[in-house]
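See structure below.
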Amino acid sequence: MSSHGNISASSDNAPLACDFCSHRLQPRYTPDRSTRGLTVHVCPHCGLVQSGPRVARTKDRHKAAVSGGADWGNVRYGKGFRTGAAMDALARHVDLNSTFSLLDVGSNRGSFARALLDAAPQAALTALEPDERFAQSVGTLARTRLVQARIEDMAFADASFDIVHSCHTIEHLASPFTTLRDHARILKHGGLLVIDAPNIALIGGDDIVEEWFIDKHLYHFSARTLSRMITAAGFSILEQVDSADPINLLFVARKTGRAAAPAAADLAEVEQADRLLALYQQARARNLAALTHAACELAALTPRKVALWGAGRLFDLLVTEGGFNPHQLSLLIDSHLKQHMDNRHGVKLDAPEALRQTPPDTIIVMSRGFAAEITAEAKRLAPGADIILYSDLLSRARLQCAA
Ligand SMILES: [Zn+2]
C-alpha cells in the first residue's frame, strides 16, 4: 500500500476495474462541480456503484467548502449522530461489562470512543484517526491508544482485536474490499465488525437536490452490495440494524474466516443501480429548476423581515442555482456552520439566539433531516414568526414549474 496516504493511482484514461469483482466498470454519470473530475460508474457484473478515477487525495482537505455540488466537504456532521445506533447494536451482541479490545476506524472527534468507554468499563480502545485536528480530542481518553494514521496505511497484527467499529469511513477508501478483508484478518476468530456507511437508496427520494456523489466518496453502497462484500471478506452478517433506513447502512457481522468465493453476477442489482441513477438525475434536474420559483416566492416576502435557518447545501443551491439574493435576509442562522466560518455568500452567520434579539416576521427552515427540531427551536425563540418549511417551498415551486 502507498506510504504517502494517497489513494491508489489510476491514470485518467485507464478503464476502472470493480473493487469487488474486478469487472470493467461502465461510466454512468458526471457529478456537478467535482474538483476531482470524478465519474460515477456502475459495475455491470455486481452492481456496485463507484467513482473514479481513484485520484490522490485533495491537498486542501482543511478548507471548509459548503457547497451543494460534489466539491462539498470538510464540515463533518454525520458521525456523532450514529453513535447511539452503533452502541445499541454493539450491546445486542457483546457483554459490555466483559473485557475486550476494540479498534475504532476513523474516530473523528471521539463521539463513539467516549460512549464506548462510558458503557464498557473493561474495554481497551485503539482509536485510529488520521486528521490531527480531531485526533487530539481522543488522545487524552483513558484506556485509549491513539494511532494517527489511515486504516489503509496500517498493518495491525493478525487477530489483534475482538471488535472493529467503522462508521462512515469505508466509502472514502481506495479499496473497501481490501480493507474489509484486512478487518477480518486483524479480528480474532469470532470477532465482530460493526460497520456503518451511507445508503445509496437515499438518491431515490424525489426531493433530492444536493449532489450526492461528492468528491470525498469513492464508493456508493446499497444494502445488497455492502452486505455481499462483507460476507465475501470473511464474515457472516448477524444483523442489518434498520433495513428501512434510507440514509445509513449499519451492519453487525461476525468473522468466520471462510475464504471468499468469486463474486457472482447480480443483474438485478445492476438494473437497480441504473434505475436509481436515472431517477436521481431526473429528480435532481427538476428540483434544481424549481429552486428558481422558490427564490421568487422568498423574494416576494419583502419588506417582511425574513430569517433563514440552515445555511448548508440546500441554501447554497438556493443561491447558486435558484438565484436567491441572500442579502434580503434579516438573519442567516446556522449553529453548526458558525463554528467553521463567519459568513455564507457574503452574509453573516448567526447563532439561533439572534432570533430573540432581532425577531423576524418569517423563518425559513432550510433543512430536511432536522426540520422538526429546527422548527421547534425557532418557535421557542421567535414565537411570533411564521414558519416556512423547505419541503413545502419545494412542493409549491414544483407545481409552478409544472403549470
Ligand atoms: Zn463488480
**Report entry** Residue pairs fulfilling side-chain hydrogen bond (donor to acceptor under 3.5 Å, both in side chains) with at least one residue in residues 354-370, sequence neighbours excluded
**Finding:** E210-R368, R304-T362
Report task. Check the pair H45 / C18 against side-chain contact (heavy atoms from CB on, under 4.5 Å), numbers first and verdict last. Result -> CA-CA 9 Å; H45 185 74; C18 176; over 6 Å; no
Do side-chain atoms of [X] reach the backbone of [Y] as a donor and acceptor pair under 3.5 angstrom?
X    : Y    : answer
T292 : A290 : no
E377 : P352 : no
D19  : F177 : yes
R313 : S67  : yes
R36  : D215 : yes
Q328 : L298 : yes
K255 : A184 : yes
D316 : G68  : yes

**Report entry** Lys/Arg-Asp/Glu bridge criterion (N-O < 4.0 Å) met for E211, R33
**Finding:** no
Query raised in the report: Any Lys/Arg nitrogen of D32 or R284 sitting under 4.0 Å from an Asp/Glu carboxylate oxygen of the other?
Result: yes
Query raised in the report: Going through the distances and angles, do R114 and S137 end up as a side-chain contact (heavy atoms from CB on, under 4.5 Å)?
Result: CA-CA 10 Å; R114 281 183 194 83; S137 61; 4.1 Å; yes
Is [Y] close to [X] at the side-chain level, that is, under 4.5 Å between some pair of heavy atoms?
X    : Y    : value
R398 : N287 : yes
H183 : I230 : no
E171 : K216 : no
L399 : H293 : no
F100 : Q122 : no
M154 : D182 : no
I203 : F213 : yes
L125 : V138 : no

**Report entry** Name of the residue among L192, L90, V194, V94 meeting side chain to side chain contact (heavy atoms under 4.5 Å, CB included) with L102
**Finding:** L90
[Y] versus [X], side-chain donor and acceptor atoms under 3.5 Å:
X    : Y    : answer
R275 : Q272 : yes
D196 : H165 : no
D71  : T35  : no

Report task. For atom NE2 of H189, decide whether the heavy atoms of other residues, nucleotides or ligands shown that lie under 6.0 angstrom number more than 12. Result -> no
Query raised in the report: Is R143 atom CZ crowded by more than 12 heavy atoms from other residues, nucleotides or ligands, each under 6.0 Å away?
Result: yes
**Report entry** Worked verdict on L250 versus D245 for side-chain contact (heavy atoms from CB on, under 4.5 Å)
**Finding:** CA-CA 9 Å; L250 176 53; D245 182 352; over 6 Å; no
**Report entry** For H220, the option from Y29, W212, Y280 that meets ring pair (Phe, Tyr, Trp, His ring centres under 6.0 Å)
**Finding:** W212
Report task. Quick one: list whatever passes salt bridge (Lys or Arg N to Asp or Glu O under 4.0 Å) with E321, sequence neighbours left out. Result -> none
Measure the [atom1]-[atom2] distance between [X] and [Y] for me, rounded to the nearest 0.5 Å.
X    : Y    : atom1 : atom2 : result
I364 : W309 : CD1   : CH2   : 13.5 Å
R344 : F315 : CZ    : CZ    : 6.5 Å
D131 : R109 : CG    : CZ    : 9.0 Å
F324 : C296 : CZ    : SG    : 11.0 Å
D274 : L279 : CG    : CG    : 11.0 Å
L48  : C21  : CG    : SG    : 8.0 Å

Taking every non-hydrogen atom, the tightest pair across [X] and [Y]:
X    : Y    : value
S51  : V40  : OG-CG2, 3.7 Å
I208 : L202 : CD1-O, 4.2 Å
A91  : L96  : CB-CD1, 3.9 Å
C43  : Q50  : CB-NE2, 4.0 Å
P176 : L173 : CD-O, 3.8 Å
P44  : R24  : CD-O, 3.2 Å

Requested in this report: List the steps and the verdict of ring-ring contact (aromatic ring centres under 6.0 Å, His included) for H336 and H340.
Outcome: CA-CA 8 Å; H336 181 77; H340 297 272; 5.2 Å; yes
Output a table of donor-acceptor pairs, distance under 3.5 Å, between side-chain atoms of residues 257-268 and any protein atom two or more places apart or on a different chain; print 'none' if there are none.
| unit_1 | atom_1 | unit_2 | atom_2 | d |
| --- | --- | --- | --- | --- |
| D266 | OD1 | E269 | N | 3.1 |
| D266 | OD2 | R224 | NE | 2.5 |
| D266 | OD2 | R224 | NH2 | 3.0 |

**Report entry** Stepwise side-chain contact (heavy atoms from CB on, under 4.5 Å) test for E129 and N108
**Finding:** CA-CA 6 Å; E129 172 54 55; N108 204 266; 4.2 Å; yes
**Report entry** Aromatic centroids of F221 and F251 separated by under 6.0 Å
**Finding:** no
